[in-house]
Amino acid sequence: MAEHWSGSGTADDPWRLKTPPLSSEYTIHRDDAADPPLLICQVGGTRLTYLARAIDDLHAMLVTHGDWMPLGGADEQKDAAPGTVEAWGRSPENPVGGWYGQKKGLRGRFGVYLPPLLEALGLVELEHNARNNRIRAV
């Protein structure tokens, strides 16, 4: 499998990732000094933030799920398709009881930006089709 990422995840050396279809690049780094710790996601001129615990929580959910799961990937203003990573990332049933995204108005796209990070960390297998990608724990 070709690697679609680089970096160590610090502010000085963020992970350089590509969206699942490999069509857009973005960066993420951990900010463990934030309270609570955050993932800072830079997409062009847009800065998104997600709770850093999303890495472990999403992986644990995928392990429990046990099979492929569609990513989804809707903006905050749009409903997420049921049964997707995106829907789980904003569900009142997830471990944080709602949104992992922290910046009001930009809390969506969880199913776009988090799965490639989990792939880079070796926690999941991720499809890289033009559309309708899926993820599963390894």
Side-chain angles (χ1 to χ4, degrees):
M1 173 183 76
E3 290 183 357
H4 309 289
W5 61 276
S6 66
S8 62
T10 65
D12 293 333
D13 185 28
W15 289 293
R16 286 166 178 50
L17 303 164
K18 290 187 177 182
T19 55
L22 306 177
S23 56
S24 299
E25 294 184 5
Y26 63 100
T27 63
I28 293 183
H29 72 273
R30 287 186 68 104
D31 181 355
D32 288 322
D35 185 22
L38 296 174
L39 297 170
I40 311 299
C41 180
Q42 190 70 40
V43 183
T46 304
R47 182 177 183 260
L48 309 167
T49 57
Y50 299 97
L51 295 173
R53 68 175 286 174
I55 295 168
D56 294 331
D57 291 353
L58 177 56
H59 182 249
M61 181 277 291
L62 290 167
V63 167
T64 300
H65 181 70
D67 198 1
W68 288 102
M69 177 178 268
L71 298 181
D75 291 331
E76 178 178 349
Q77 298 77 13
K78 297 179 182 171
D79 291 336
T84 63
V85 169
E86 183 70 35
W88 179 86
R90 53 175 81 183
S91 169
E93 306 302 315
N94 70 32
V96 298
W99 296 92
Y100 279 90
Q102 297 297 290
K103 193 170 183 181
K104 183 87 171 134
L106 297 172
R107 297 183 296 183
R109 312 296 283 173
F110 183 86
V112 174
Y113 299 123
L114 269 291
L117 175 56
L118 271 66
E119 180 186 40
L121 296 172
L123 300 173
V124 300
E125 185 176 355
L126 180 62
E127 294 180 332
H128 295 285
N129 303 311
R131 300 175 51 107
N132 302 320
N133 289 299
R134 301 176 303 160
I135 188 173
R136 68 176 171 190
V138 291

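When a residue number appears, it is its place in the shown sequence, counting from 1. Any value given below was found using the heavy atoms of this structure, including those in side chains, with hydrogens, waters and symmetry copies removed.
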Gap separating the [atom1] atom of [X] from the [atom2] atom of [Y], nearest 0.5 angstrom:
X: L38; Y: L48; atom1: CG; atom2: CG; value: 12.0 Å
X: D75; Y: E86; atom1: CG; atom2: CD; value: 8.5 Å
X: L51; Y: Y100; atom1: CG; atom2: OH; value: 7.5 Å
X: K18; Y: W5; atom1: NZ; atom2: CH2; value: 14.0 Å
X: D67; Y: I135; atom1: CG; atom2: CD1; value: 12.5 Å
X: E127; Y: E119; atom1: CD; atom2: CD; value: 11.0 Å

L121-L126 co-clustered via ILVMFWY side chain contacts under 4.5 Å: yes
Other residues, nucleotides, ligands: >12 heavy atoms within 6.0 Å of E25 CD: no
Within 6.0 angstrom of N129 CG, more than 12 heavy atoms from elsewhere: yes
Looking only at heavy atoms, which two atoms of [X] and [Y] are closest? And how far apart?
X: A120; Y: L17; result: CB-CD2, 3.9 Å
X: P14; Y: A11; result: CD-O, 3.7 Å
X: P82; Y: A87; result: CA-CB, 4.4 Å
X: P70; Y: G83; result: CD-O, 3.7 Å
X: D32; Y: P37; result: OD1-CB, 3.6 Å

Any donor-acceptor pair under 3.5 Å linking the side chain of [X] with the backbone of [Y]?
X: H59; Y: L62; result: no
X: T19; Y: S24; result: yes
X: H128; Y: P20; result: yes
X: E125; Y: R136; result: no

Hey, are the side chains of [X] and [Y] touching, using non-hydrogen atoms and a 4.5 Å cut-off?
X: I40; Y: R47; value: yes
X: W88; Y: D57; value: yes
X: L123; Y: V138; value: no
X: W99; Y: K104; value: no
X: H29; Y: T10; value: no
X: W15; Y: C41; value: no

Test side chain to side chain contact (heavy atoms under 4.5 Å, CB included) applied to R30 and L39, step by step: CA-CA 5 Å; R30 287 186 68 104; L39 297 170; 3.7 Å; yes
Side-chain donor-acceptor contacts of residues 105-117 below 3.5 Å, not counting sequence neighbours, with atom names and distances?
unit_1: R107; atom_1: NE; unit_2: E76; atom_2: OE1; d: 3.4
unit_1: R107; atom_1: NE; unit_2: E76; atom_2: OE2; d: 2.9
unit_1: R107; atom_1: NH2; unit_2: E76; atom_2: OE2; d: 2.7
unit_1: R109; atom_1: NH1; unit_2: G73; atom_2: O; d: 2.6

